[in-house]
Structure formats: C-alpha cells, structure tokens
There are 2 protein chains.
Amino acid sequence: MSEVGTRPVPPGLSEREVDRAIARLTEELGADKVLTDAATLREFRDPFQVTTSDEYSASAVVMPTTVEEIQAVVAVANETKVPLWTHSQGRNNGYGGPAPRVSGSIIVSLRNMNRVLEINEELGYAVVEPGVRWFDLYEAVKAGGHKLMVSIADLGWGSVMGNSLDNGATYMPYGVDQASWCGMEVVLPNGELMRTGMGAMPDNKAWHCYKRSLGPSADLLFTQSNYGIVTKMGYWLMPEPETYMPLWLRLWSDDDLAAATDVLRRLMLDDTLRMNPQIMSGTLLAAVLSNRQAWWDDPNTPIPADVLDRMARELQTGRWIMRFALYGDEAVVDHRFAKIKAAFEAAIPGCDMWGTKYAPDQIAEIPDPSERVQGGVPSLDLNAMTGWYGGENGGHIGFSPVLPMTGEDALRVRDVMRREMEAIGLDYMSALIPINARSMVHVTMVIFDTASVEQSEKAYAACRRAVVEAAKLGYGEYRAHLDFMDLAAEQYSFGDHAQRRFNETIKDALDPNGILSPGKQSIWPARMREQRASGNGAIS
Amino acid sequence: MSEVGTRPVPPGLSEREVDRAIARLTEELGADKVLTDAATLREFRDPFQVTTSDEYSASAVVMPTTVEEIQAVVAVANETKVPLWTHSQGRNNGYGGPAPRVSGSIIVSLRNMNRVLEINEELGYAVVEPGVRWFDLYEAVKAGGHKLMVSIADLGWGSVMGNSLDNGATYMPYGVDQASWCGMEVVLPNGELMRTGMGAMPDNKAWHCYKRSLGPSADLLFTQSNYGIVTKMGYWLMPEPETYMPLWLRLWSDDDLAAATDVLRRLMLDDTLRMNPQIMSGTLLAAVLSNRQAWWDDPNTPIPADVLDRMARELQTGRWIMRFALYGDEAVVDHRFAKIKAAFEAAIPGCDMWGTKYAPDQIAEIPDPSERVQGGVPSLDLNAMTGWYGGENGGHIGFSPVLPMTGEDALRVRDVMRREMEAIGLDYMSALIPINARSMVHVTMVIFDTASVEQSEKAYAACRRAVVEAAKLGYGEYRAHLDFMDLAAEQYSFGDHAQRRFNETIKDALDPNGILSPGKQSIWPARMREQRASGNGAIS
C-alpha cells in the first residue's frame, strides 16, 4: 500500500528501479509517449474509485503507437522487472477502468494506436488496432461508403478490441457468443510477435475469415488474460439488412421477469431472435430518464416497492423493460414480429410489446439511444445512469454473474442481488443480457456516490459478499472488478483450483519475469503469487 | 522405423520399458482393457495405409471406461515415459484414422467410454463422453422423446467429441464456426482433472450454457492438440424446426463454381442461409452412385473433361452439385427458398435448384443420405465413395486447405489441386465446405487403391507437394494427415515460427515428460523435438 501522493512502487521493487524503467522507456519511445505527471496518473485511475483511496495507481503511463514500440516496452519490462498493465482505451468502467491491479505498474495505454487497418466489404470484416473505438470504426465504415454494420457496446468511447478481449457484450446478431473477433496478432511476453489462426501462415488469405488454427487455437487464451498484448484483431461486420426493427417489451410486475426469460429463451433457441437483448430493471432506465431525488429523498434507504410501481407507470418504464431488435428482409421481420408478440402476450397478460421498422439509412436519426446502439450507431447517451447517486460524482461497480437462461435462475439471482443491495440501503438496479440462447449475464449496476467514503465502502463490501453468495448457488462472475477479482476467481475451485494452476503454469511458461498485467483476473506470476491474498477488499 | 511384424518401440525407449508400461497398465485397468494382440494393433492402424507399411503403429491399446482409469493411464505414462496417443472413436479417416504419429505409442481408445450423461431439453444441450458416436447421441435424443436435433458429420460412426476436437465439420445451423461445443472436462498431462468455463466453479449452473471462463478461456487449446484428454463435453442441440427443407444446386459448367461461391457467400453473410453446405465435384457424387470402370478403363490416367461432362449428364450430378438446407418456420423457409433460387438463377444461367419440405418426423425416412445427414440422421451410406479406386481396398487422404469464400479463391485452389492430382494420374475429386459465411474448407478427396504401393506412394507425394504449393498461394490446411502433419504445420511460419514456439512452450510446461500424443499437429515435446524432421513422407 502506497501513501497518497507518493509515486507507487510495485511489490519487491525499489523506487530507483521504477525510475530506471521510466528512463529506459523514455529513451526508447521519446518523452512525449512516457507520462508521469500527477494529472495523467489521476486520469488513468479507476474513475469511480472512492476519492480518498490511492490504490490501483500506476507509476507511469506509456502510449506506444506501433508494434515495435510495444516490443520495446516489453523488452524494458523484462530488463527492469517493472510490471506493465495494458489497456486498449481503458474504458473498463465498473470493473476498474484503466487502472492496474498492482499499484506501481506502468500502464501501457494503446489509445493512440488507433488505425482501422482494413475494411473488407466483400468478406465483411475490419482489422483494427487496439485503440480503435466504436466511434472510430463506425465512422470508418461510413466514410468508406460500406453497406456494413458494426455490432457495438453501449458506450461509443470503448475500444472494439478491449471490449472483445474482456468478453464484453455487443448487441447485434454477430454479438451472440461474443463471436465477432477473427484472427489476432499478439506481442508475447518475450517480445515475439505471433499471429493466430490462419494468420500464422505468412500472407494467408483466410486470417480474418476462419477462426481456428492448425493445431490448438490460442485466440481465447488472450481474453481476460495477461499472456500477451494483442495488437491487431479482425472484427466481423454484418451487411446492412433490408429492415431494422428495434423492439421493446414492458413488464408491469416484478416477477414477470421469469416468464419473459423463458419465452425469450425459446425464441432465441429456435432462431426467431438472433441478437443480444437487454432486460433492464425499471430503476435502471429511470436513472437515464430522471433523478433519484424526484422519487425518494433518502439516499440511505432503497426505494420501496410502491414507489417503484409509481415510477414504472409515470416514466412508462415498467418494472422491467427489454430492448431487442430484428434484422433482415422485411417479410421475415414481419413474420417474426408477429410470432414474438404473440408469444409474450400469451405468456404474460398485460405486457406491452412494440417496435418500429427502419431502413438502414434511417438508424442514425433514431432519437432513442438504445435503438441506435442496437443499430450500430455509437454515442455516450447511456452513460447518464451513473448519476442516480451522487450526480456528477456518481460511479458504479458492475457485479455480473452468469446464469442459464431460465426464469427460475433469473429470479434467484435477482433475489440474491436485491437482498445484498437493499442490505446496504441501495436500490437494486440491473440489466440482464443474454449472451446466447442459453445464458445471460446479470449485470448488477451497483451505483453509488464516489464522494461518499461510507457509501463506497458499503458498495464494495456488498459486492464481495455477493460473490460468495452467488457462488454458493452456482453462479460465477463473467468479469470482475479489480477490487474482488481474486475473490471472484477463488470461487472457481473445481479440482482444488485446477484451472488456476493451469493458468499459472501457462503464465510462468510464457512470462517467466511476470511482467504482463500481474493479477489480471487473478492470474499471478510466480514472483507475485503472494499478492493474491491481498486482493480482496483493498479498495476501501 | 520398426520392421514389419515386430512390436514397435517409441524413440528413446527400449522394448523392456514398453513391456513394463503395458504390465503396469494391466495392473491398473485389468487385462481386458489392455490389448496387445496383432489383430487389435492392426485394427488401430490407419485403415488406408498402404498395406506393406508398418509406420504409425501402436505397441498396445488401452480402453479405459472412467475418468479415474484415464488418470491411472496418464500416471503410468509419466512413470514410464511411454507416450500415449488418444482418440475418441478413432474414425479420423483420411487424416490417419486411429493411428498414432509416433510408432510404439500406446493408444488410449475411448470407444468404450460412451455414455450420454445428460440431455437438457429446456436449455438444448447434451453432455457426452468421448466415445459417444453420432449414432449414439441421435438414438439417445430419440429415445428420450426430445424435440431436439443433433448437428452431425457425414458418417455416423464418428465420435461427437472427436469430430469437435479435430475441428470437423457438421452441417446444421449450430455447425457454423464449429461452435456446438460448450464446456469441457479434461485430464491434464499431470493427471489433474480440470473443468473449463463456468465448470471451473463446482456445481455451476451455466457450464454448458456459456462458453467463456472468468480469465482466459482454454477450451480451444484442446482442439487438434496434445495438451489434455477431454473426458466430457457439452454439445448444443437445436429445437426441431417447423420445416426442414434440404436443397440442391446443380452446376453444369466447371467454372460455375466461382459464381456459385460468390452468391452463396452473400446469402450466408445476410443470414438467409445459416448452415454448412457442401459443394461436391461431380466426380465425388459419381463415386457414391457408380463405379469408375463404368466411365473410364485406365486407372492411371484421369478421366478427361468430355467424359466428365457425360457423367455429369447421365448421373445427373452436374460438374458441381451443392447440398444445403433451410430450417425454420414454413413462412420463413418459403421466403428464403424463393430468394435463394432467384439469386442463383440470376447469376448462373442454366443452373438447377430445387428442394423438398419435410416435417421433422419425416426426416428419418428420407431416401437420400445427404438429406438425412443435414437433418441430423446418421448413417454410413456416404462411405461408399472411397471405392472409386481399388473397390474394397479403396482409401483416401483428406487434403484440406482453408480459403476465403470467394469465387476467385475457389477456382484458384481447385486448379492447384487438380493439377497435382492429374499429374499423378488421379481424378480430381473434392467437397468444398463453408464453415461460416467467410471461409470454406476445400477437402480434396485423394482416393487411391491401398493395395497399390505405387498409387499410394504417388498420392502421398502429391499431397506433400500440394501442401507447399497451396501455402505459396496463401492457403493452409485446417487439419492434416499424419504423413504430412509436420510439413503442413511448417507452412505456418510467421515470425520465424512464433506460433510453433508458443505451442511448444505450453506443451513443455503442461507435459514436461512429453507423454500425450507427441507430434499431434506437429507439436513435439522437448524430448522428441528432433522427430519433427522425420515427419515428412514416412508413410510411403
């Protein structure tokens, strides 16, 4: 633990060693790409970290713009043993943002390595560098006049590659199973440059068309890991459909979630619906549309059920509201719309379902940001929800277990999370995001006022309790915040933690100096393995 | 190289050491599960190996039936250093069948570990052991009365898991991107049992519903590799659609392949067609329907173009014939059929396209085996084609580069392969199998008479030449025969073979004794790395 205001130093290293690494990096990259000023270091911390904490702080930020510069950075790290922490854009908000797990790490920010290298209209893919944001890829597709659509995440500032490598959700048909990636280039911990899949053959024509390798396929080893720095990735683009039809399903009773989940599963299993919906609690949409104070004065007690019902009616959010969409020939869209509407209405009396058809060239003008997101048009509009507590100081933690897509599981996870949130006086707010026809991620939006030490501490503590409670019921996190990364991984204990030993065996073999993102999703290199015990609850 | 008739011994080991391993295995598993008789060892060789060769022969075959027995086998291998070679059913025909890369290896045949452990109708998946064949899973689904369909391979005797782990194709919608797997259990080289994905959490409910892990996802490391023995796998099952409609497209001119490929890509990219078609050369279907002698007397010269045209007409195969299918609500199937037919007819004057609609309960009675395969009903009917040369002694090598799905690439690979085949006097026969909307595998069926040493030698030599010629043009194998596994992998040389070093680094870390399937897809453990050089052309 470093004191507030001093330059943090990674465990086992001296300030002098860190200074030497920074000096060597400055030699290699030039001073303009190696940043150590206080403002920059603050910018690259978790934006939602309680303001009095200095944990998860970097000692420097390097901003390479070429593969060769990344290789030089990796060489310096191997030489000095100062660990690196890589992000693409670092918009991993709710999970730690751009900040490193180990204080004193040098952040490798790839924000400036942001070229769209190729858009192949015939085969429907782009090749991007790590810093390319949803905004950038969307603009490049439009600028090229391509009749292609990008499956995007909710906030346009995020990195295409960063989101993909963290298993993040996107919402169009290609987002199903997080499967838009195809073919990567990676700087390995030893500085070598590797290409995966068909790309391992020089000038192979199918690198971004076919996902597997001859021999084992390593691509998904680089998701949520610290085994390499991905420098290029193929991302599949969908041809513009004849018709895009964003849809809404509104539920008035809290327990309608169960029937809606079961109907949705059947519609996704039989391919009537192919995309990733988002089932939002009424509170979550209310946080975009209104201020909490308008509904409930007390920031320390959760909004009671009768007020939630009033909010649901007055804001027309319902207790749950699902956004989803159809894409395709108009005749098929019409058939499916009628089938979907009939299925929900038969199962859930009183629910509302509606939608509007658009041609692709109309999507950018749709007023509702959710409808634009599902149509591949990025913005930052949905960022407003973190103001629910604390206004401009509002922040959130994403607490995100995976569940099978059944109504029974949906209610069970809702109940666990609501209990934990209400126990600390917070509103239960969530978005259930199906990732495929069989599973969904229950993203609990733990929104709190980052200016309140007390509320922050309570929020993190509740998440830590929830990790353990959810695991007892058979649900594990799909992605974890820095603060409880170790605890979340700890729950994956089958075979006396066989998977962890497997991951660490690979880590030690690929990265013997333990320089790449130590602690990322609880994979610790040999020299820092004792840090794992320190991992639970350091933030508050 | 061992002499014909003697028990083969792996490099670096003595016959006594192999005997000791067999004795220890017999102690652990019982004599009935450890087979060393000549007939068994012959049965577990490549069925298409030229009859005078003794390469790729095992010293024993063990047939465990439980995870614990597999762990015991792995322990004996670590103790004695005698390498193992695992297969599920060993029906890897065209690529070496059940046979080991290193002669003297002990085959771990999982044919008898063949339980369907679970069928989940609600969530649409099965959990299978390695020995479960397409026949078995199909029967289990039917016996349970489940309204679910299994995406299967062409020959029903193959293992669900074995095909999946070798990146094999299946044809229904879930076969796209070889993506039917979800959640594995693996015995690692050190004997530990690991579960992947959500299964790494004890009793996690989403193990077979969600594909990723918290942290890196290791599943695809176990495809085409020698990093572990997979003992359980989830396999997704599709709900029966209202309508199944197998389709055929027949092309009369050899170069129509280009236009058909381009139209097909567009129809797959826009999701009008979601499954894996198979575009067969007329010769390939002719081999199922007729005898070569009926068309051409000389087994040493390829059938000339005018005779191919006559065959195409008389057998009604066309020069190319594509099998494919629609699945879904009848209204959607009707819309899509009309759209597909119009697209092909507009692009290819004179082509024929037709199809027949069936309800799911009619599929088992469809006379055409291709139409049954695409409907999930397994048989062995399509095995007849290897009789084209040599009758009952007919065999084949699968030579299978991956290409982007464009007409230009399809013709280029066709031309390379035809040149190589005709240069040795064989007919060019192939099946182009789209794996997704962007790529296809060009499976060249190199059919030859296994009783002819000369024809066998020529066939293998031609494949070795074709590996190099295809790579020069930017096409690599998706899967390789034992005989040219090393040569095929050699072509993946980006970064001075960075991928190979990466694979070997992982191999050495996970399997320091090098006991699991050494040489599989050219991944050699440290102690046998010098065997790689011996890998090219040993079979003839």
Side-chain angles (χ1 to χ4, degrees), chain A residues 122-124 167 177 192-195 198-206 209-212 214-217 220-221 223-225 227 239 269-270 331-332 335 402-404 406 409 435 438-439 471 474-478 480 488-489 491-495 498-499 502-503 505-506 509-510 521 523, chain B residues 122-124 167 177 192-195 198-206 209-212 214-217 220-221 223-225 239 269-270 328 331-332 335 402-404 406 409 435 438-439 471 474-478 480 488-489 491-495 498-499 502-503 505-506 509-510 521 523:
Chain A
E122 183 179 39
L123 289 161
N167 298 343
D177 278 319
E192 289 194 9
L193 192 65
M194 179 172 86
R195 290 182 174 173
M198 293 292 111
M201 173 179 286
D203 300 319
N204 186 289
K205 293 180 189 294
C209 299
Y210 177 78
K211 292 190 167 190
R212 302 286 175 96
L214 180 70
S217 295
L220 297 187
L221 266 196
T223 53
Q224 293 195 353
S225 88
Y227 297 154
L269 278 172
D270 80 1
V332 174
H335 170 85
V402 180
L403 48 149
T406 76
D409 290 291
I435 296 296
R438 293 163 177 80
S439 66
Y475 308 106
E477 270 53 65
Y478 101 104
Q491 310 307 311
Y492 290 83
S493 62
F494 179 83
Q499 190 192 52
F502 180 87
N503 288 344
T505 300
I506 291 178
L510 295 176
Q521 300 303 349
I523 302 174
Chain B
E122 184 180 37
L123 289 161
N167 297 344
D177 278 319
E192 289 194 9
L193 192 65
M194 179 172 87
R195 289 181 174 173
M198 293 291 111
M201 173 179 286
D203 301 319
N204 186 289
K205 293 180 189 293
C209 298
Y210 178 78
K211 291 190 168 189
R212 301 285 174 96
L214 180 70
S217 296
L220 297 186
L221 266 197
T223 53
Q224 292 194 353
S225 88
L269 278 172
D270 80 2
V332 175
H335 170 85
V402 180
L403 48 148
T406 76
D409 290 291
I435 295 296
R438 294 164 177 79
S439 65
Y475 308 106
E477 270 54 64
Y478 100 105
Q491 310 307 311
Y492 289 84
S493 62
F494 178 84
Q499 189 190 56
F502 180 87
N503 289 343
T505 300
I506 291 178
L510 296 176
Q521 300 304 352
I523 303 173

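Throughout, a chain's letter reflects where its sequence line sits, starting with A, and its residues are numbered from 1. Everything quoted here is computed from the prediction, not taken from an experiment.
For the pair A:Val402 and B:Ala206, the tightest heavy-atom approach, listed with the atom from each and the gap, is CG1-CB, 3.9 Å.
Most heavy-atom pairs under 4.5 Å with chain B, from the set A:Arg212, A:Glu477, A:Glu122, A:Met198: that is A:Arg212. Most heavy-atom pairs under 4.5 Å with chain A: of the set B:Gln521, B:Gln499, B:Arg438, this distinction falls to B:Arg438. Comparing B:Gly495, B:Pro202, B:Ala509, B:Ala489 by heavy-atom pairs within less than 4.5 Å of chain A, the highest count is held by B:Pro202. Each of A:Ala480, A:Ser439, A:Ala200 has some count of heavy-atom pairs under 4.5 Å with chain B, and the biggest count is that of A:Ala200. Interface summary for chain A: among B:Gly328, B:Gly124, B:Ala331, B:Gly215, the most heavy-atom pairs under 4.5 angstrom belong to B:Gly215.
Contact annotation for A:Leu269: both backbone and side-chain heavy atoms come within less than 4.5 Å of a heavy atom of chain B. For chain B, the nearby part of A:Ile506 is the side chain; its heavy atoms alone come within less than 4.5 Å. Only the backbone of B:Leu403 has a heavy atom closer than 4.5 Å to any heavy atom of chain A. If you measure heavy-atom distances from B:Asn167 to chain A, the contacts under 4.5 Å come from both the backbone and the side chain. Using a 4.5 Å cut-off between heavy atoms, B:Ile435 touches chain A through its side chain atoms alone. The part of B:Glu192 that comes within reach of chain A is its side chain, from C-beta onward, which places non-hydrogen atoms under 4.5 angstrom from that chain. Only the side chain of B:Ile523 comes within contact range of chain A, judged by heavy atoms closer than 4.5 Å.
Of the inter-residue distances, the one linking B:Asn503 atom CG with A:Leu214 atom CG reads 9.5 Å to the nearest 0.5 angstrom. Atom OG of A:Ser493 sits about 7.5 Å away from atom CE of B:Met201, to the nearest 0.5 Å.
No donor-acceptor contact under 3.5 angstrom links the side chains of A:Tyr492 and B:Asn204, judged on distance only.
Within the 4.5 Å cutoff, no side-chain heavy atoms of B:Phe494 are placed close to those of A:Asp203. Taking the side chain as every heavy atom from C-beta outward, B:Tyr210 and A:Asp177 never approach each other to under 4.5 Å.
A search for side-chain hydrogen bond (donor to acceptor under 3.5 Å, both in side chains) contacts involving B:Gln491 returns nothing, not counting sequence neighbours. With sequence neighbours left out, the salt bridge (charged side-chain N to carboxylate O under 4.0 Å, His left out) criterion links A:Asp270 to A:Lys339.
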